[in-house]
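The following block contains the structure, expressed as structure tokens.
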Protein chains: 2
Amino acid sequence: MSGQWPPGTRVPVEHELMADYGCSRMTVSKVLSGLADRGLIIRRRGAGSEVATPRSERAVLEIQDFAKEAARHGTAYAHEVLRREVIACPVKTAARLGLAARSRLVSVHTLHRVAGRPEALEERLINIAEVPQARTERFLDVPPGTWLLDYVPWTNAEHAIEAINADLLQARLLDIAVGEACLVLERRTWQGGAFITEARITYPGVRHRLVGRFSPDGRD
Amino acid sequence: MSGQWPPGTRVPVEHELMADYGCSRMTVSKVLSGLADRGLIIRRRGAGSEVATPRSERAVLEIQDFAKEAARHGTAYAHEVLRREVIACPVKTAARLGLAARSRLVSVHTLHRVAGRPEALEERLINIAEVPQARTERFLDVPPGTWLLDYVPWTNAEHAIEAINADLLQARLLDIAVGEACLVLERRTWQGGAFITEARITYPGVRHRLVGRFSPDGRD
DNA sequence: TAGTGGTCTAGACCACCGC
DNA sequence: CGGTGGTCTAGACCACTAG
């Protein structure tokens with residue numbers, strides 16, 4: 001979870017861990033099985049174990065990687081960076097994110113299009129102190145959400161979902177009427193107490209639903 | 001998960017399960033630990049294990065038991081049954097729910113008030129074939145959501161969240177302007193393939209957010 | 001103090017993978 | 001084929017609970 005072992009890193013084999021930690025194979029195995037259950041590593045009998053690519057999050061809220069989503073449905077995806085700037089964090093925002101005032105952030109506004117239609121509006125903040133590569137990244141080839149997913153580990157996330165009436169600007173960008181109901185999904189991510197990124201994604205309510213499936217045992 | 005052992009039922013002790021299933025204690029223990037991890041049972045060292053009261057669901061979507069929620073914040077809660085009737089399931093609805101056409105359902109419309117203000121509108125369907133007690137229940141003391149939570153086990157659930165503009169009726173009941181954005185949370189529940197209940201809960205968007213917290217290891 | 005769960009060990013057999 | 005994970009056993013010691 002510290003990110004020290006990026007996704008794909010080979011996990012030491014059980015016998016090695018037995019020696020390293022001076023405990024029995026059963027004990028090592030139980031720990032590794034636990035990690036596998038929680039989706040942190042992938043174990044393959046006969047082949048070894050490796051650090052999993054984080055599923056990012058569960059069910060309802062996996063809806064952020066537009067490109068992948070579009071590919072799954074066989075539709076075209078494109079994104080358009082509307083604005084990108086480095087800002088000093090306003091005091092009010094800093095308080096909300098648990099950040100020092102005037103911290104330097106990258107602010108990116110992106111419009112996501114699926115099959116040519118505007119599908120969502122993304123307003124993103126990235127903490128330069130924690131993600132220095134963001135200072136120069138232009139997000140022309142890869143939208144910020146996807147870019148961050150692959151490179152930045154996180155330990156805590158918070159989501160909020162709300163409904164708003166589209167204002168003039170939102171309506172124009174999303175090609176809907178002013179006042180139309182929109183779903184807003186906010187996601188804030190931390191790495192061990194340090195703020196990483198905030199995304200605020202606005203979807204036209206009429207065209208979008210967030211869907212999730214569950215079982216009481218938490219397995220889906 | 002079948003509901004045969006209601007919440008609070010004592011789980012046989014490890015030695016008994018060893019004998020019943022003819023396997024070692026380690027094996028029994030691993031299984032029980034797994035059930036505990038998934039929240040299906042509670043284990044207490046020295047005291048024994050019992051079937052857990054289902055947390056119903058996770059994080060974002062625990063927001064349905066208004067009474068409990070209000071109690072937590074120390075505010076008054078009340079509900080008002082607007083309509084309650086037994087209906088024959090329309091063909092279109094039957095298809096959506098995987099139900100025989102003309103199945104008998106209880107339909108209940110409820111308004112939830114917190115601190116005197118209308119907080120949410122609930123439209124609920126309950127399958128009489130699976131929950132026969134619903135046929136006569138009036139839901140005057142306990143709103144349908146809470147009532148079902150305690151008595152009916154489930155194996156699968158599906159959620160959807162969308163945003164809509166309030167229509168005239170919704171606006172009047174929720175005391176908001178026509179056209180104001182509302183969050184709609186739909187929840188459908190099955191028990192091993194058999195449809196149990198559907199809830200459609202409408203919240204005024206301006207006053208409500210659904211919030212959840214996560215970690216990559218799925219522990220919150 | 002007896003009964004319970006929590007954890008560990010050493011050794012074993014098997015299924016599967018990749019060479 | 002050797003290396004890997006998946007699973008099981010029998011026995012052990014400990015921490016905690018309830019009477």
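Each chain gets a letter, A, B and so on, in the order the sequences are listed, and its residues count up from 1. Predicted model, so just to flag it, every value in this text is computed and none were measured.
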**Asked** How do K30(A) and A47(B) order along DNA chain C: which one's closest nucleotide is nearer the 5' end?
**Response**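 So the residue in question is A47(B).
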**OP1 or OP2 of dT9(C) under 4.0 Å from side-chain N/O of R25(A)** = no
**Request:** Would you kindly give the NE2-to-P distance between H15(B) and dA2(C), to the nearest whole Å?
**Result:**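 Nearest whole value for this atom pair: 15 Å.
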**Message:** From CG of L35(A) over to C1' of dG5(D), roughly how many Å is that when rounded to an integer?
**Reply:** 14 Å
**Asked** Between atom OH in Y21(A) and atom C1' in dT7(C), what is the gap in whole Å?
**Response**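 Checked: the OH to C1' distance equals 18 Å.
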**Request:** Output yes when at least one side-chain N/O atom of R44(B) is less than 4.0 Å from OP1 or OP2 of dG6(C), else no.
**Result:** no
**Message:** Closest-nucleotide mapping onto DNA chain C: is S49(B) or C23(A) further toward the 5' terminus? I mean the 5' end.
**Reply:**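 Looking at the nearest nucleotide for each, S49(B) comes out on the 5' side.
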**Prompt:** How long is the line joining CE of M18(B) and C1' of dT9(D), in whole Å?
**Reply:** 9 Å
**Prompt:** Out of dT9(D), dT7(C), dG5(D), which has the shortest distance to the side chain of V13(A)?
**Reply:** dG5(D)
**Asked** Over how many whole Å does the gap from R45(B) atom CZ to dC13(D) atom C1' extend?
**Response**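 Atom CZ in R45(B) sits about 12 Å away from atom C1' in dC13(D).
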**Request:** Answer yes or no: is there a donor N or O on one side and an acceptor on the other, between the side chain of T197(B) and the main chain of L125(B), under 3.5 Å?
**Result:**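 Indeed, once roles are kept as given, a pair shorter than 3.5 Å links the two residues.
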**Asked** Rounded to the Å, how far apart are E50(B) CD and dT4(C) P?
**Response** 15 Å
**Complete:** Taking dG5(D), dT4(C), dA10(D) as options, the one with an atom nearest any side-chain atom of E14(A) is dG5(D)
**Inter-residue atom distance T155(B).OG1 - M1(B).CE, 0.5 Å rounding** =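 Reported to 0.5 Å precision, the distance equals 5.5 Å.
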**Message:** Taking 4.0 Å as the cut-off, does a side-chain nitrogen or oxygen of T27(B) come that near to OP1 or OP2 on dT9(D)?
**Reply:**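 Yes, T27(B) has a side-chain N/O under 4.0 Å of OP1/OP2 on dT9(D).
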**Between dG5(D) (C1') and I42(A) (CD1): distance, integer Å** = 14 Å
**Message:** Looking at E137(B), is its backbone amide N or carbonyl O close enough to the side chain of R84(B) to form a donor-acceptor pair, meaning the two atoms are under 3.5 Å apart?
**Reply:**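 At least one qualifying donor-acceptor pair exists.
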**Item:** Pairing nucleotide - dA18(D), Watson-Crick or G-U, each distance under 3.5 Å
**Value:**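 For dA18(D), the partner nucleotide comes out as dT1(C), under the 3.5 Å rule.
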**Message:** Nearest heavy atom decides the nucleotide; on that basis, is G48(A) or M26(A) closer to the 5' end of DNA chain D?
**Reply:**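 Result of the comparison: G48(A).
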**Asked** Any luck finding a side-chain donor-acceptor pair between R124(B) and T110(B) under 3.5 Å?
**Response** no
**Prompt:** Where the side chain of H79(A) meets the backbone of P144(A), is there a donor-acceptor pair that is under 3.5 Å apart?
**Reply:**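 No, H79(A) side chain to P144(A) backbone: no donor-acceptor pair under 3.5 Å.
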